[in-house]
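Note that the coordinates shown come from a computational prediction; the quantities given were computed from them, not determined experimentally. Sequence lines set the chain letters: A, B, ... in the order given, protein chains first and strands last, and positions in each chain run from 1. Quick note: numbers below take in every heavy atom, side chains included, and nothing from hydrogens, waters or symmetry partners.
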Amino acid sequence: MMSKPTNLPNIYVLPTRLNDSQRADIVSNIRSKHYTVVESPKDAIIFIGDVLGSKRALLELRFLGLNTTDATTIKAPAKGTKILKVAKLEWYAKVIVEGIDADIDDYIIYNGIYPAKSPFNNQPSNTVTPKKRSASPPTLAEKQAEERSRSESILRRAMAATHQAAPGTRHLRHKGPSQDSHPSQPFKRPKLISQQSTDSQEEAERVASNLPPLPQWVIKKQKFSCTRSTPADPPNQDFLDALFKIRLNRILISDEIGVRAYSTSIASIAAFPHKITHISQIHALPGCEGKIAALWYEFTHSEPPGRLGVLEEIEKSVYYKTLELFYNIWGAGAHSAQSFYKQGFRDLDDLVEHHWKKLTRVQQIGVKFYDEFQDKIPRDEVISIRDAIQNHARQLLPGAETAVVGGFRRGKELSADVDLLITHPRVSKSRDVEELLVPLVNLLEKEGLITHVLTIHQPSRFVATTSGDVWPKRSHHNFDGIPKVLCVWQQPDLREDEEGDSQMESLDEKGLAGKRKNPNPHRRVDILFPPPRCAGSTLTSWSGATTFERDLRKYVKEGKYWKFSSEGVTDRASGLRVPVGKEKGEFIGLTEGDENNGVEVDDNVDNRARREDGEWIGWDVEEKKMFKLLELEWREPTERCTG
DNA sequence: CGGCAATACG
DNA sequence: CGTA
DNA sequence: GCCG
């Protein structure tokens, strides 16, 4: 009605929850009252928006490139410090629309100031509660459990029911860094130590003559990592670790080709049996050229040795640290990590508090068990999980056989998850094996062993038809995926149920009288159900490592023009399945028409040959048949550690 | 300078 | 398309 | 980033 009551600084209207025309209306209405509304957030002091809380306001400003901290958390802001104010949209409704004369200060929900500049403000502000440690060095399990316990109870309370839990509290461990250093352009690489170009020819030859002889695969420049031995403990582990970090960086920025390139180089160096002492050895390796050579030179000639300019840039970057944090959420990949960052989120708390409803169901589970899923699983626990699943499977399908694949099969002491194959030696059990999936999952859920099902992949041919039977149309080459379930596993709490005892050590969840929380960690478990025909191909496909698998498929494509997958082998030209031959005395991995020729197995007499860890030896036989078909020399899984 | 493993679900 |  |  009248002129403005006070002069206000420049105003910016936050776009939060407004569409373009709504926001434009607000802007013009405010301007009609002779306030100054700017279109660049940098020029504004007051921000008006549909914002509920101060934390959200902070995020909204960060999204606009204004990296402030809450002024109320700062002891004594220096005089003359610029304070950005965020006001509720209600101010607009009252003062602008209704014309009520009200003080904008009554509508401020957030005061933001720019944090003091510091040369170290790139580092994570890791001010979490200090660890309480016993005098003796903790075991791995203790460390993992202790790491977990600090954050767990709080998150758990926040998300007690995973499926539609309302988040409410903060996550302690993963407070993000306080300072934003998102690079708007890629880092400039610091000057590399220049290579000596003045080496005389004689000098180069003298050095070369003292080097160990090159392996045949190097001399022949054999590029496929599936054709050579790659042990778990390579002599150049330190340089490889640096390359792994660069590759992770490429993963995080979705540079898939860069990932492929570094993977090739890593696999090559990992297979090289000598400590690399001369740059000529790098150039000799397939998949390694100028770039890798330059990195190696810098790595070995830096002071102290082992430093890399690119890595130091990456490691001090809040941006990459944050992407890595988000990328480690099961169910989130590089794209989601980048998306979370762009929206202003910097730690798991931000996601829980401001983005929970937007997360997929499996991402919510991934956040809920973030710490436990980072923890590695010792071999003996892998075996006990295998045994439990196998025992239940045999209740439903006598004679079922299992194999642990993944890193475990490659010999790793600690596994990220458990990958388990279940099949049956008798070829005629093909459908029984695939149809085992749902009943087994139901049984394990009932027993409380499976706590969450993340995803189930069932072959389409088992979609029930009204007439009853399965095998709809594509039965002749039924070549869908291998049925599998990805789930969360927890060993039951086996402690005695003594009551009112002093043993209730961890009463962190007070109020839950009587209910003691199961202290066993949640584990990621994948169970696959290959039909007997696909036992060999699935075993090979799931034994890895990743680069070994990629090279195997490329090798088969280039050498045979075949397509290899966990379901088997097809000819690319004809599209027909390439059958796995039947060896004498063996009985699975047959072709379609041979199903009736399977050797009978007495399910009650289990005298089949087994390995030390209890696994059926027949698995290896199936895999050897597959390698033979592909004209590939079979290698121990422990020699497939291509990284 | 094009190509880089292959498959299925949400 | 993104993720495994 | 390396290969054909």
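Here dC2(D) is the nucleotide among dT3(C), dC2(D), dC4(B) with the atom lying nearest to any side-chain atom of Glu289(A). Nearest nucleotide to the Ser565(A) side chain, out of dT7(B), dA5(B), dT3(C): dT7(B). Taking every side-chain heavy atom of Lys291(A) into account, dC2(D) is the closest of dC2(D), dT7(B), dA5(B). Checking dG1(D), dA5(B), dT7(B) against the side-chain heavy atoms of Arg260(A) singles out dA5(B) as nearest. The side chain of Ser336(A) lies closest to dG2(C) when the candidates are dC3(D), dT7(B), dG2(C). Nearest to the side chain of Leu486(A), among dA4(C), dG10(B), dC2(D), sits dA4(C). Counting only heavy atoms from C-beta on, Glu567(A) has its side chain closest to dT7(B) among dT3(C), dC4(B), dT7(B). With distances taken from any side-chain atom of Tyr262(A) to the nucleotides dC4(B), dA4(C), dG1(D), the minimum falls on dG1(D). The side chain of Lys557(A) has dC4(B) as its nearest neighbour among dA5(B), dC4(B), dA8(B).
For the residue pair Ser415(A) / Arg379(A), no side-chain donor-acceptor distance below 3.5 Å is found, with atom types taken as modelled.
Both tests do not hold together for Arg523(A) against Trp489(A): distance to the six-membered ring centre under 6.0 Å, angle to the ring axis within 45°.
The same atom, C1', is picked in dA5(B) and in dT3(C); the two are 16 Å apart, to the nearest Å. On the P atoms, dG1(D) is 33 Å away from dA8(B), given to the nearest whole Å.
Rounded to a whole Å, the CG atom of Asp551(A) is 15 Å from the P atom of dC2(D).
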